[in-house]
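Below, each value reflects all heavy atoms present in this structure, side chains not excepted, and no hydrogens, waters or symmetry copies. Convention: sequence-line order gives letters A, B, ...; per-chain numbering from 1. Since the structure is predicted, the reported quantities are computational estimates derived from the model, not experimental observations.
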Protein chains: 2
Amino acid sequence: MQHWFIDRQPIALPTWCEAFPESHVLSRAQVGLASGAGVLWFRLRSGELVDDLLPTAGPAVGQYFVVLSDEPDEEIVLQCMAAGAAGCCNSHAAPEVLRQVALVVANGGLWVGQSLLRRVMGGTARIIEQRQQSRSDDWSVLLSERETQVARLVAGASSNKEIARQLSISERTVKAHLTSIFEKLGLRDRLQLSLRINGLPL
Amino acid sequence: MQHWFIDRQPIALPTWCEAFPESHVLSRAQVGLASGAGVLWFRLRSGELVDDLLPTAGPAVGQYFVVLSDEPDEEIVLQCMAAGAAGCCNSHAAPEVLRQVALVVANGGLWVGQSLLRRVMGGTARIIEQRQQSRSDDWSVLLSERETQVARLVAGASSNKEIARQLSISERTVKAHLTSIFEKLGLRDRLQLSLRINGLPL
DNA sequence: GCCGGAACTGTACTTTGGTGCAATGGTGGA
DNA sequence: TCCACCATTGCACCAAAGTACAGTTCCGGC
C-alpha cells in the first residue's frame, strides 16, 4: 500500500509525512507517476473545483482517490464522491485520522465525515456527540510529546534508523525513547506498541 | 480492548471466535458482566426489534455497541444508529470484516454498510461497484496454510519462540516460514506483516 | 540555587529477527 | 518417474532491536 500526495506544489504538510513516512509527494502534472496499489491524496485548495482536480479517468485498479480539502463542507464532500473519490477530509487532519481514512478506503469503504453523516442520517446526534469526548488515547496522555511522535512512527512500521532520520536525532535516542515508552505502557516490543497505537486487541 | 458477544444463548459463531479468540460470550441477562473498554456485539435475530435489544442506558465510557443482524437491511441499520449503536453488520460477516468494524468503531468512527451509504448518497454507485472485487484478502490466498497460521500469530505480536511453542515446531522453522511470507507478500519485517494482516495502511 | 523531568548521546552488551546454504521427507501432478 | 511445492530443521552469520550504565543540556517549579 503506497501513498501519493498530489498538490499544486510538491510540498507535503508535516502531518502527511508523520502519517505516512514512506509516502511520495507529486505535483499535479506528475499524477501519472503513481503506479501500483495505493491511495492518491489530492489536495483541494480554497476556491478550487473538485471536478478540475481529479483525473477524469477515475482511479486505476487497486488505487483510491481521497480529497484533502482546505475548507471542507458537505457540498464538497458530495462532489468528491460524485467525481469518483472514496473519501474527503480536512487537509490538516491529524495523522491518526489520515491513517484511519486510508484504512477504511483501502478496505472498500467510503470515508464520510461525521458532519455529513450526521445531517444525512438524522436522529443520531447523541451517539456522535458521545464519541467526541471518549477518544480515549490512553496511550498518548502517558507519553511525552517526543515519545508520542516516535510511537506513531513505530506504529507505521518504520525502523529505528528511519525514525532517527525523520526526526533528525540519533538512532540511540530513538531507542531511548522506545525503552521509555515500553516501560510506561507496559509493553514488550515495537509490535505490541503498534497494535496498541492502532487500537487493535492485545 | 475486549470483546463481548451477546446473544439469546451464550453460544458463539465460529467466525466470532476466529476474529477475536480472546472474546467472551454472554447471554442477554449477563450484559452487566461486560466491564472495561471494548466492544459489545449484540446479535439481532430474525424478527427481533432493535429497541428491545440494546440497553437503554447506552454504552459506558470506552465501550461501543455494534449490532450483528441475521437479516440486515437499511431500516435496521438506521434503527441501530438511533438506538446508540456505533455500527451494524451481518451476523455471519467474515472475521476480517469484524476486526475491521471493531477498528473503525474503537477509533470513534461509525460503521455503515455500503448498501446504506449507496442509497443515502446516490450517484456514487460506480466507485462502490469497483471496490467490491479489490478487497485486501490478497494475503491469505498467496500463503500456504502453515504460513497463514504463522502470519496470524505474528500479527498478534507473538515472538518466534512463542509461535514455535504454539505450533510445536522449531524456532528455525518459524523463521523459514516468515522469510517465505515476506518474499511472497513483498514485505520487510514482521511489523509490516502485522499491519498487512490487520488491514492497516502501508 | 536546587531539583526533577525531558531530550539527547555515547559505549558496550544481550537478545531477537532474518538470511544463506544445505538437507530430509511427504504429496500431488505432468 | 521426475519435478514442484510444502514442511521441517541445523549451522552459521549479520543486522536490528532492546538494555544497562553513564553523561550532557535545557527548562520550569519550589
Quiz prompt | Note: B:Arg28-B:Glu48 ion pair, threshold 4.0 Å (strictly below) | solution = yes
Quiz item: Could B:Arg188 and A:Glu162 be called an ion pair, given the rule that one side-chain N must be under 4.0 Å from one carboxylate O?
Solution: yes
From [atom1] of [X] over to [atom2] of [N], roughly how many Å is that when rounded to an integer?
X        : N      : atom1 : atom2 : answer
B:Glu171 : D:dA12 : CD    : P     : 16 Å
A:Ile181 : D:dA17 : CD1   : C1'   : 14 Å
B:Glu145 : C:dT27 : CD    : C1'   : 14 Å
B:Glu183 : D:dC5  : CD    : P     : 12 Å
A:Lys175 : C:dA12 : NZ    : P     : 14 Å
B:Ile169 : D:dT8  : CD1   : P     : 5 Å
B:Phe182 : D:dA16 : CZ    : P     : 14 Å
A:Ile163 : D:dA17 : CD1   : P     : 8 Å

Quiz item: Reckon A:Ser144 touches a base, only the sugar-phosphate, or nothing at all at heavy-atom distances under 4.0 Å?
Solution: sugar-phosphate
Exercise. Specify the residue among B:Asp189 and B:Ser180 whose closest nucleotide of DNA chain D lies further upstream toward the 5′ end.
Key: B:Ser180
Self-check item: Any B:Arg190 side-chain nitrogen or oxygen under 4.0 Å from OP1 or OP2 of C:dG17
Solution: yes
Quiz item: Is B:Arg188 near enough to C:dG18 that one of its side-chain N or O atoms lies under 4.0 angstrom from OP1 or OP2?
Solution: no
From the set [options], return the single nucleotide nearest to any side-chain atom of [X].
X        : options                : answer
A:Arg172 : D:dT8, C:dT11, C:dA6   : C:dT11
A:His177 : C:dG18, C:dA7, D:dA17  : C:dA7
B:Glu147 : D:dA7, D:dT8, D:dA16   : D:dA7
A:Thr173 : C:dG18, D:dG18, C:dC8  : C:dC8
A:Thr179 : C:dT19, D:dT9, D:dG18  : D:dG18
A:Asn160 : C:dT19, D:dA17, C:dG17 : D:dA17
B:Ala176 : D:dT8, C:dT9, D:dG18   : D:dT8
B:Lys184 : D:dC6, C:dG18, D:dT9   : D:dC6

Quiz item: Is the B:Phe20 ring parallel, tilted or perpendicular to the B:His3 ring (thresholds 30°, 60°)?
Solution: parallel
Quiz prompt | B:Lys161, NZ atom: more than 12 neighbouring heavy atoms under 6.0 Å | solution = no
Quiz item: Does CZ belonging to A:Arg45 count more than 12 external heavy atoms closer than 6.0 Å?
Solution: yes
